[in-house]
Number of protein chains: 2
Amino acid sequence: MVRRASHRQRRATYRRRARPRAFPPDHGPPEAGPVNSATHSGIREAIRDRIVAGEWKLGELIPGEVEFAEEYGCSRTTVNRALQALAEEGIVERKRKGGTRVRPLPARQAQVNIPILREQVEGGGQEYAHRVLRREQRKPPAALRERMRLGTDQRCAFLESLHLADGKAFAFERRWVNLETVPEFSDADLAETSANEWLVRTVPFSRGEVALSASVADERLAELFGTAAGEALFTMDRTTWFGDRSVTDITLVYKPGYRLNFEI
Amino acid sequence: MVRRASHRQRRATYRRRARPRAFPPDHGPPEAGPVNSATHSGIREAIRDRIVAGEWKLGELIPGEVEFAEEYGCSRTTVNRALQALAEEGIVERKRKGGTRVRPLPARQAQVNIPILREQVEGGGQEYAHRVLRREQRKPPAALRERMRLGTDQRCAFLESLHLADGKAFAFERRWVNLETVPEFSDADLAETSANEWLVRTVPFSRGEVALSASVADERLAELFGTAAGEALFTMDRTTWFGDRSVTDITLVYKPGYRLNFEI
DNA sequence: GAGTGGTCTAGACCACGGT
DNA sequence: CCGTGGTCTAGACCACTCA
């Protein structure tokens with residue numbers, strides 16, 4: 001007998017109103033206490049804990065919104081919100097009529113922050129600086145023309161710069177900027193703000209395609225970083241778009257030993 | 001005169017009810033049409049588009065929930081939901097009494113999928129296989145004992161395996177498994193399912209700390225991958241936790257030229 | 001056809017934080 | 001103080017999909 005009183009209709013929502021709304025709503029030590037349990041975030045955590053604890057098997061159906069609403073003494077709306085959040089987290093899968101199931105193979109996805117270099121360096125307590133090594137207008141190579149969807153003969157700004165942490169090389173950057181999308185870039189003063197910061201302020205909210213890889217330090221990079229050639233360097237390639245127009249393409253080579261950390 | 005009728009009270013919610021609820025709710029070509037605009041997702045996209053189009057400057061205050069509700073002819077609740085979503089996306093910042101602002105420096109964060117290797121390989125249309133090269137119980141080195149918070153003298157399963165795509169080496173894996181957290185692992189049959197899959201099924205919903213880096217191929221790795229030593233290899237280190245107990249620590253070295261792609 | 005999730009609404013109360 | 005976001009609720013209707 002799994003479903004008690006299964007003949008009860010949808011309107012069963014919000015019976016058993018035993019919840020004591022009496023105690024102080026959200027005060028108390030900021031990082032203690034089981035969070036007021038009648039809120040969507042509280043219910044979300046409660047259900048997540050139950051799933052993690054193994055109360056239901058992988059792929060198994062968990063109770064419906066109405067049932068949870070009764071159990072936690074709240075409205076279906078609130079449970080709905082909690083379960084939707086868990087679905088976004090990748091913990092459960094939901095289907096109309098099909099109900100809500102624990103995800104068969106939990107999604108392994110992570111929020112990765114791609115910090116602006118200045119913040120990354122300063123966040124580590126070091127002083128940030130950058131140096132433009134080269135800046136000119138050039139015809140981009142064919143591969144890049146394709147990747148950035150440029151017309152033939154279209155010129156781009158080409159830029160090489162070095163990002164420094166406490167005066168030492170932190171990352172090397174090679175950048176192309178589509179001057180058709182951002183013509184003002186030609187006159188940008190890159191002494192104070194780096195090209196990246198300039199672009200972020202000028203063309204905010206652009207999309208980007210990112211690729212992470214490993215590359216070998218050639219002579220020049222080795223010299224810039226003050227190591228031997230042949231080191232393995234963590235590398236990030238990024239092409240940025242504003243709408244359907246390319247903005248910039250950048251190759252960022254981090255210093256030897258750099259690691260990108262995040263939680264999953 | 002920015003705020004028309006500013007004396008109007010909170011209850012102003014839901015005036016100007018001009019919304020035509022008449023047209024077909026959600027049918028039509030799956031990837032066309034401006035989404036029914038009176039839904040929270042529709043409003044969210046509409047507002048996002050306006051922000052992206054530059055209607056408000058970086059850091060500028062955008063209208064409040066009530067105002068948007070009037071404009072879009074929906075309830076404040078719906079606008080609230082849309083704006084909360086935009087805040088999660090990193091597009092806006094919200095503060096009580098402070099109102100909602102366009103984020104001064106847009107957050108550059110991305111959802112990265114860390115696929116299970118099998119899915120990654122099969123997703124590329126290749127045939128997946130794996131081979132266990134070594135499997136034994138060992139005392140882990142001190143650095144690892146600390147990272148996994150192991151007691152002295154605690155033994156772990158140690159595993160080296162190779163993941164193959166169409167018979168060719170795709171990634172090399174070195175793994176430690178905390179047998180105190182997962183004693184059953186000693187008896188796991190790793191012929192069919194890889195250690196990773198076995199663990200994912202047995203200890204789902206574990207947290208993990210991930211670090212991405214670049215490393216140099218030594219003789220052995222070069223031989224496994226069939227290349228020259230000295231190649232740069234994309235490397236992922238991951239320590240996995242179930243509650244406060246470590247589950248496994250893994251170093252995954254991808255074949256030369258591997259790139260991890262995602263969108264931002 | 002029927003059950004489950006998806007969503008909206010009007011109204012309400014609260015919490016935070018600038019003035 | 002008081003305006004703004006944060007959240008909850010009861011009720012309602014719809015859409016999807018499984019049987």
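Values below: all heavy atoms of this structure, side chains included; hydrogens, waters and symmetry mates excluded. Just so we're on the same page: letters track the sequence lines, and every chain starts at 1.
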Which is it for A:R238 and A:E209 under the salt bridge (Lys or Arg N to Asp or Glu O under 4.0 Å) test, yes or no, and what are the steps along the way?
CA-CA 5 Å; A:R238 193 157 88 212; A:E209 300 152 0; over 6 Å; no
With respect to the side chain of B:R96, which nucleotide from C:dT9, C:dA15, C:dT7 is positioned closest?
C:dA15
Checking side-chain hydrogen bond (donor to acceptor under 3.5 Å, both in side chains) for the pair B:Q120/B:Y258: CA distance, chi angles, key distance, verdict?
CA-CA 12 Å; B:Q120 195 165 359; B:Y258 175 81; 2.4 Å; yes
Using whole Å, what does the distance between atom P of nucleotide C:dG6 and atom CZ of A:F68 come to?
14 Å
Euclidean distance, atom OH of residue A:Y72 to atom P of D:dT9 [Å, nearest integer]:
14 Å
Throw together a table of side-chain donor-acceptor distances under 3.5 angstrom for residues 243-250 of chain A, partners on residues two or more places apart or in other chains.
{"unit_1": "A:R245", "atom_1": "NH2", "unit_2": "A:E180", "atom_2": "O", "d": "3.1"}
{"unit_1": "A:S246", "atom_1": "OG", "unit_2": "A:M148", "atom_2": "O", "d": "2.8"}
{"unit_1": "A:S246", "atom_1": "OG", "unit_2": "A:N178", "atom_2": "ND2", "d": "3.0"}
{"unit_1": "A:T248", "atom_1": "OG1", "unit_2": "A:R175", "atom_2": "NH1", "d": "3.2"}
{"unit_1": "A:T248", "atom_1": "OG1", "unit_2": "A:W176", "atom_2": "O", "d": "2.7"}
{"unit_1": "A:D249", "atom_1": "OD2", "unit_2": "A:R147", "atom_2": "NH1", "d": "3.0"}
{"unit_1": "A:D249", "atom_1": "OD2", "unit_2": "A:T239", "atom_2": "OG1", "d": "2.7"}

Which part of the nucleic acid, if any, lies within contact of A:G98, taking any heavy atom under 4.0 Å across all strands shown: a base, the sugar-phosphate backbone alone, or nothing?
nothing
Taking it one step at a time, do B:R94 and B:E65 satisfy salt bridge (Lys or Arg N to Asp or Glu O under 4.0 Å)?
CA-CA 11 Å; B:R94 320 194 71 200; B:E65 300 185 346; 2.8 Å; yes
Whole angstroms only, please: what is the CD-C1' distance between B:E93 and D:dG5?
14 Å
In residues 79-86 of chain B, what residues come within less than 4.0 Å of DNA chain D, judged by heavy atoms?
B:N80, B:Q84
Does D:dG5 have its OP1 or OP2 closer than 4.0 Å to a side-chain nitrogen or oxygen of B:T100?
yes
For B:F205 and A:R103, work out which heavy atoms get closest and say how close.
CZ-O, 4.4 Å
Rounded to whole angstrom units, what separation is found between the CD atom of A:E88 and the P atom of C:dG5?
16 Å
To the nearest angstrom, how far is A:R101 atom CZ from C:dT4 atom P?
12 Å
In whole angstrom, what separates B:R76's CZ from C:dT7's C1'?
17 Å
Return the value, rounded to whole Å, for the distance between atom CD of B:E65 and atom P of C:dG11.
17 Å
Starting at CG of A:L61 and ending at P of C:dG5, how long is that distance when rounded to a whole Å?
8 Å
Nearest heavy atom decides the nucleotide; on that basis, is B:R94 or A:T78 closer to the 5' end of DNA chain D?
B:R94
Could B:R50 and B:E71 be called an ion pair, given the rule that one side-chain N must be under 4.0 Å from one carboxylate O?
yes
Proximity to DNA chain D (any heavy atom under 4.0 Å), residues of residues 46-54 of chain A only
none
Taking for A:H40 and for A:K95 the nucleotide of DNA chain D with the nearest heavy atom, the one nearer the 5' end belongs to A:H40
What's the closest nucleotide to the side chain of B:K97 if the choices are C:dT9, D:dC2, D:dT9?
D:dC2
Intermediate values then yes/no, side chain to side chain contact (heavy atoms under 4.5 Å, CB included), B:F234 and A:F234
CA-CA 8 Å; B:F234 185 75; A:F234 185 75; 3.6 Å; yes
Do NZ/NE/NH1/NH2 and the carboxylate oxygens of B:R118 and B:E197 come within less than 4.0 Å?
yes
Distance check, rounded to the nearest 0.5 Å: B:T100 atom OG1 versus B:E93 atom CD?
10.0 Å
